[in-house]
Amino acid sequence: MGKPEVKGTVTSLSSMFPPEEVQKAAKMVEEKLSEKQNEMNQLKEFIADNTSLVNLVQKLPDELHHDIMVPFGKAAFFPGGLIHTNEFLVLLGESYYADRTAKQTVEILKRRGKSLMSKVDALKAEMQDLKAEASFFDSTTSEVAEDLVEIKEYEEDNSTERVFQSGPAELESPTLAEADNKMDSKLGASKDDEYARLMSRLDELEKEELAAEDDGENDEDEDEDANATETDGDENELTEAAFQWKKDEGYSSRDHGQRYSECTGLTAEPVTQGEMSHGRIIHQDSKMLNPSINASVPSEKKPVQTSKSEFDSSKAFTGSIVEHTENLEKKIPGQNTTSSESSGSKPSKPVSRFKMQRK
Amino acid sequence: MSSSSTALRELQRDLENKANDLSKLQKDIAKNHQVRKKYTIQLGENELVLKELDLLNEDANVYKLIGPVLVKQDLAEANANVRKRIEYISAELKRLDGSLQDLEEKQHSKREAILKVQQRIQSHQAGKAKA
């Protein structure tokens, strides 16, 4: 067992999600939402008109002849009557008309009403998505205002060789071996209730993620390794493995990258589904991964997403991923000094990452 | 020194030109989107009309509105016309899709070129600051 070295970086959320940009993105989502609301109102008006028309058409053939005041020009009426009360000239669309009876007209109108309803349903679904996005942005702004800090920690075991190449399967085994070593050395020291609680939460999270992963990939080795890491249950190594595994995914831009970029409106959705129970900080991590993936897979053209990639180009986050996975050996000595200073105030086990806030 | 500043000015002019081209491209893309939307709506409407026409009896009267005149039309003729229009609209949509792809590619390459010019400007300025 080599000496475990703890390295880490501490970044404030406000530097990763600048508040003005988050607000801009939130405003854009709100605008879109109001547009959809207007469309929805219009469609509802159409539906109301349609139903009143159906009623009228059904009532007209009750009489052979109706006495009415006929409009004449803009401001006049004259007394007249409606005859042939069962014959309707119905607009079929694109300037085509057809002669129909009242019953047939009602059928046509009902079909139109059905298509309108389906449009309304589609709009409702879109609005739901937009609302979810908006709520995410709101939560981000509040978190940024609270000055939450993201703490990344990397543990390295000198005895096991780290191979940070493509393929999560390869990544799993070194971290798994490391997890074994760590567990032996650390388990004696860690006995907090909170620790156990967090561990169980992370187990759930791992299972969810891996369930989602196994749907996308048919890699059995990964599955076994993943199960093994779950049962090992050392919190930090798990989160670290999850984090690095996810980073690797994003970096190598495999199916996962495509899957993330495929989900158009909500970039947060697929990742957050896998991590709902996880701490906020990791939530932010995964959210950040998506912009980086989007930047590397430039297939989307929506404004919200371009604003996200704008944060990217000005942030060093994507740069830090690259550095870490490519030059791990070189970076470690540099990081070691800073993190050892910052970890001086922390207990020996880096448990309290969820509690740590910059004052 | 002066040569580097003129080079800098040239680079900046280049950047401006490229930025103008990019904005033109973006306007073209927006127009393309609009026309596409219009055509898609028309296509939907025509398909509805076709469905209704299919439901009509053989002897039902079909009229077409040409300007202020409502002209009686044959059901078969109306069917044929609507079908032809649907085909035309789909062809137009496909053409627009192709041109949209082209425009997007051009936009992408312009963006990259702009980035490169920006980087060169930055390196120039860094060099000037040092010197």
Side-chain angles (χ1 to χ4, degrees), chain A residues 32 35-36 39 42-43 46 50 57 84 86-120 122-123 126 261 264 294-303 305-307 309-310 312-314 318-319, chain B residues 25-26 29-30 32-33 37-39 41-75 77-86 88-89 100-101 103-105 107-109 111-112 114-115 118-119:
Chain A
K32 265 201 218 164
E35 270 180 38
K36 298 286 172 187
E39 282 184 36
Q42 210 192 28
L43 280 179
F46 286 165
N50 208 24
V57 169
H84 295 289
N86 204 27
E87 298 168 22
F88 291 89
L89 196 59
V90 186
L91 174 68
L92 303 176
E94 283 276 314
S95 64
Y96 277 98
Y97 291 80
D99 270 339
R100 301 260 82 196
T101 69
K103 255 207 297 188
Q104 292 160 335
T105 314
V106 166
E107 278 170 26
I108 293 181
L109 288 176
K110 286 211 173 124
R111 264 175 265 142
R112 266 191 222 162
K114 253 198 270 174
S115 70
L116 279 177
M117 291 297 293
S118 64
K119 273 194 206 159
V120 167
L123 252 192
E126 282 184 33
S261 67
T264 51
N294 281 328
S296 65
V297 182
S299 55
E300 308 301 338
K301 353 174 185 130
K302 300 212 171 172
Q305 295 197 351
T306 51
S307 71
S309 53
E310 279 171 291
D312 280 332
S313 53
S314 59
T318 46
Chain B
L25 274 176
Q26 280 176 337
I29 288 185
N32 198 309
H33 272 292
K37 248 195 260 183
K38 220 178 43 153
Y39 275 133
I41 296 180
Q42 279 188 355
L43 187 68
E45 211 179 324
N46 273 301
E47 292 193 345
L48 261 181
V49 174
L50 197 61
K51 252 197 275 176
E52 293 287 348
L53 283 177
D54 287 338
L55 286 169
L56 286 178
N57 292 330
E58 269 295 327
D59 56 356
N61 299 331
V62 176
Y63 303 87
K64 185 159 167 135
L65 187 68
I66 303 183
V69 180
L70 204 56
V71 179
K72 189 162 154 80
Q73 270 213 336
D74 193 20
L75 183 61
E77 208 182 313
N79 261 319
N81 284 342
V82 173
R83 287 216 173 90
K84 271 210 210 110
R85 193 158 161 77
I86 288 182
Y88 169 73
I89 294 182
L100 185 70
Q101 286 263 23
L103 284 176
E104 282 195 346
E105 275 173 34
Q107 191 195 47
H108 190 64
S109 59
R111 278 217 187 106
E112 286 180 357
I114 283 186
L115 267 175
Q118 274 178 342
Q119 282 172 358

> Which atom pair, heavy atoms only, marks the closest approach of A/Leu92 to B/Leu53?
Replying inline: CD1-CD2, 3.7 Å
> Between B/Leu56 and A/Ala98, what is the shortest heavy-atom contact and its length?
Replying inline: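 Reported closest heavy-atom pair: CD1-CB, 4.0 Å.
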Quick one: [atom1] on [X] to [atom2] on [Y], what's the gap to the nearest 0.5 Å?
X	Y	atom1	atom2	value
B/Asn57	A/Asp99	CG	CG	12.0 Å
A/Arg112	B/Leu48	CZ	CG	8.0 Å
B/Lys51	A/Arg111	NZ	CZ	8.5 Å
B/Leu55	A/Ile108	CG	CD1	8.0 Å

>> What part of B/Ile66 gets within 4.5 angstrom of chain A, counting heavy atoms only: side chain, backbone, both, or neither?
In response: neither
> Side chain, backbone, both or neither: which part of B/Ala60 has a non-hydrogen atom closer than 4.5 Å to chain A?
Replying inline: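 Interface part for B/Ala60: side chain.
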> How about B/Glu112: does its CD atom have over 12 heavy atoms from other parts shown lying under 6.0 Å from it?
Replying inline: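 Result for CD/B/Glu112: enclosed.
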> Got a sec, which pairs hit salt bridge (charged side-chain N to carboxylate O under 4.0 Å, His left out) with one end in residues 63-72 of chain B, sequence neighbours left out?
Replying inline: none
> Residues in salt bridge (Lys or Arg N to Asp or Glu O under 4.0 Å) with B/Arg85, at least two apart?
Replying inline: A/Glu94
> Which bit of A/Leu91 comes within less than 4.5 Å of chain B, counting heavy atoms only: side chain, backbone, both or neither?
Replying inline: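 Nothing of A/Leu91, per the 4.5 Å heavy-atom cut-off to chain B.
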